[in-house]
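Report on the following structure.
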Amino acid sequence: MGGGAEALERLGVLVGEWEVEADLPGAAEGPAARCVFSWDLDGRFLVQRTEIPVPGAPDSMAVIAVDPESGAYTYHYFDTRGVVRTYGMTFDGTEWRLLREKADFSALSFRQRFAGRVEGDVIRGVWELAKGESADWERDFGLVYRRRG
């Protein structure tokens, strides 16, 4: 995968403000969320903050860390419900993947994964879940990020 400096540099494509639309099964279309990716702590971490203007939907923050030796990513997630999760992450500048298959700071009643693709000023992705260790993956919801400004 390359070293930490290369891995950090790849994340630069995400930096900025994004409007996010969710495709939730059975839900009426609601207002777009706002997401901002920004560097923190001298550019050593990328922070993602998401505000969702829908009652009951959690605002969130994620910190993306890069191992300085291997260049491996870790995605640390926190939200207004008090949920804390850690995902393994891969990102090659275009393909963005998150995976959580084992318990960490919160119980694991289901496995989760996200697959997204950066296409210029748009990121299209989908969250999936599996309700059990050997269960098949099922679509949870889709997301479309559109760069603002």
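Note that the numbering runs from 1 along the sequence shown for the chain. Here the structure is a predicted model, which means the values were calculated and not measured.
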Nearest-0.5 Å distance that lies between atom CG in L8 and atom CD1 in I64: 10.0 Å
E19 with R34: basic N within carboxylate O range, under 4.0 Å: no
SB check D42 R44 (cutoff 4.0 Å): no
Closest non-hydrogen atom pair, T50 against A33: CG2-CB, 4.3 Å
E21/R146 salt bridge by N-O under 4.0 Å criterion: yes
Geometric cation-pi criterion, R113 with W137: 6.0 Å, 45°: yes
Y75 side chain near Y73 side chain, heavy-atom distance below 4.5 Å: no
T80 side chain vs D59 backbone, donor-acceptor pair below 3.5 Å: yes
pair Q48-V63: side-chain heavy atoms closer than 4.5 Å: no
Whether Y145 and F37 hold their rings parallel, tilted or perpendicular, with breakpoints at 30° and 60°: tilted
R124 with E119: basic N within carboxylate O range, under 4.0 Å: yes
Exceeds 12 heavy-atom contacts within 6.0 angstrom, atom CD of E9: no
R139 atom CZ: more than 12 heavy-atom contacts under 6.0 Å: yes
Parallel, tilted or perpendicular, as decided by the 30° and 60° cut-offs, for the rings of F114 and W127: tilted
Separation of R85 CZ from S60 OG (nearest 0.5 Å): 11.0 Å
Hydrophobic cluster partners of I52 (side-chain heavy atoms under 4.5 Å): V54
Rounded distance (nearest 0.5 Å) linking atom CZ of R97 with atom CZ of R117: 10.0 Å
Straight-line distance of S38 OG to L14 CG, nearest 0.5 Å: 11.5 Å
